[in-house]
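Please read the structure below before turning to the comments.
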Amino acid sequence: MRDPLVERMRGFGTTIFAEMSALAVRTGAINLGQGFPDEGGPASVLERAVEAIREGGNQYPPGIGIPELRRAVSEQRLARYGQEYDPDTEVLVTVGATEAIASAVLALAGPGDEVIAFEPFYDSYAATVALAGARIVPVTLRPDGGRFTFDPDELRRAVTPRTKAVIVNSPHNPCGTVFTEEELRFVAGICVEHDLTAITDEVYEYLTFDDAVHLPLAAFPGMRERTVTISSAGKTFSVTGWKTGWVCAPEPYIRAVKTVKQFLTYVGAGPWQHAVAHGLRHELDWVEGLRGSLQAKRDRLSAGLESAGFTVHRPQGTYFVQADPRPLGHEDGEALARALPGLAGVVCIPTGVFYADPARGRHYVRFAFCKKDEVIDEAVERLRRGLRRP
């Protein structure tokens, strides 16, 4: 039978996350691939969701999100970053950050346009740009001084008359980079100079480590009026299955994004919105504890991977460690990732899939550390036993 999928989407297929998680289930391997925690969020947030269901909040909420959550998001941006957003006209609730990114790209880019993104990038970026009929233009992050960063000249050269937007993900998945003030100021300068829209993916905004600090791009001079800021509750409160995200932007951008969003999912689940609003107002101390716990888990997994023979790039934020298996004699990260369940009973993600050209990331694999300590320890022990240095 002829493949009915439209040409521009034929290079995507099943996401690597679904593929590797299915491999973990099939082989009984420990899943350090997909980034979901194996411990629940704050008890009061979970209980608020149950209460909302019992109170009858089970029908369609408003298309832009319940007022309680929009106000809580607005309050959070003001208290944490000093940014003012009108909850009635400048905040939109979405079905996770993934829908927010898709809606923003589809609303703001079209056939013949170009969208710049820092690679390796989350796989939905390239897919949604393709859905829009636009072209993604990668700017590569490379190791430098213990972290991944970009070449400013490469970013400047990436801009053409067709460029419509720049997608900025910080804290960055999968590299773990938290862009510095200097880096963000340069990105802001490029956007202002060329009149570009910035779409920022800030879902890991609270999950930074050591002395790294998340700075929103919209706070830089000239950027509030041209930035679509996206975040979500999934990573902040360890409720990734709730798929509750939001967009903060000037009213014309919200109107544009909402125009697309309403024909994708129409609305998100109501009970989770009530619970997330409660979390933003009452459980940010819990989130700070989560941040400390994840930093310890990062250190635990990083040390374990090093002891197993990997070269490790210790992240400044997110859930993920980039590891280089070449010291173990493995040149191809994808080949290793597919063999690892059989070799050691552990699943990871090949980082090459996050590049426009997978060859640029072929030497890396990504491990998630948002797991219980005993799960991390068992995975490390399996890796030590299953992998041998050359």
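Counting from 1, the numbers follow the sequence of the chain as shown. For clarity, every value in this text was computed on a predicted model and none was experimentally measured.
Applying the ring-ring contact (aromatic ring centres under 6.0 Å, His included) criterion to Phe118, with sequence neighbours excluded, gives Phe150, Phe179. Here Phe263 pairs with nothing under the ring-ring contact (aromatic ring centres under 6.0 Å, His included) rule; sequence neighbours left out.
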Exercise. So Arg147 and Gln316, side chain to side chain donor-acceptor pair (under 3.5 Å) or not? Walk me through it.
Worked result: CA-CA 8 Å; Arg147 62 192 291 272; Gln316 299 171 293; 3.2 Å; yes

For this session: Please assess Leu196 against Val159 for the test side chain to side chain contact (heavy atoms under 4.5 Å, CB included), listing each intermediate value before the final yes or no.
Result: CA-CA 9 Å; Leu196 305 179; Val159 179; 4.3 Å; yes

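A side chain to side chain contact (heavy atoms under 4.5 Å, CB included) with Ile116 is found for exactly one of Ile190, Leu155, Ile167, namely Leu155.
Among residue pairs with one or both ends in residues 244-253, those qualifying as salt bridge (Lys or Arg N to Asp or Glu O under 4.0 Å) are Glu251-Arg255; sequence neighbours excluded.
One hydrophobic cluster holds both Val380 and Phe320 under the rule that ILVMFWY side chains link at heavy-atom gaps under 4.5 Å.
Judged by the 6.0 Å distance and 45° axis criteria, Lys371 is positioned over the aromatic ring of Phe36.
Distance alone, capped at 3.5 Å, is enough to place a donor-acceptor pair between the Arg382 side chain and the Gly345 backbone.
Note: His172 and Phe121 fail the aromatic proximity criterion, with ring centroids not under 6.0 Å apart.
When only modelled atom types and interatomic distance are considered, Thr236 and Glu205 share no side-chain donor-acceptor pair under 3.5 Å.
Rounded to the nearest 0.5 Å, atoms CG (Asp324) and OH (Tyr364) are 6.0 Å apart. Glu55 CD to Arg48 CZ: the interatomic distance, rounded to the nearest 0.5 Å, is 4.5 Å.
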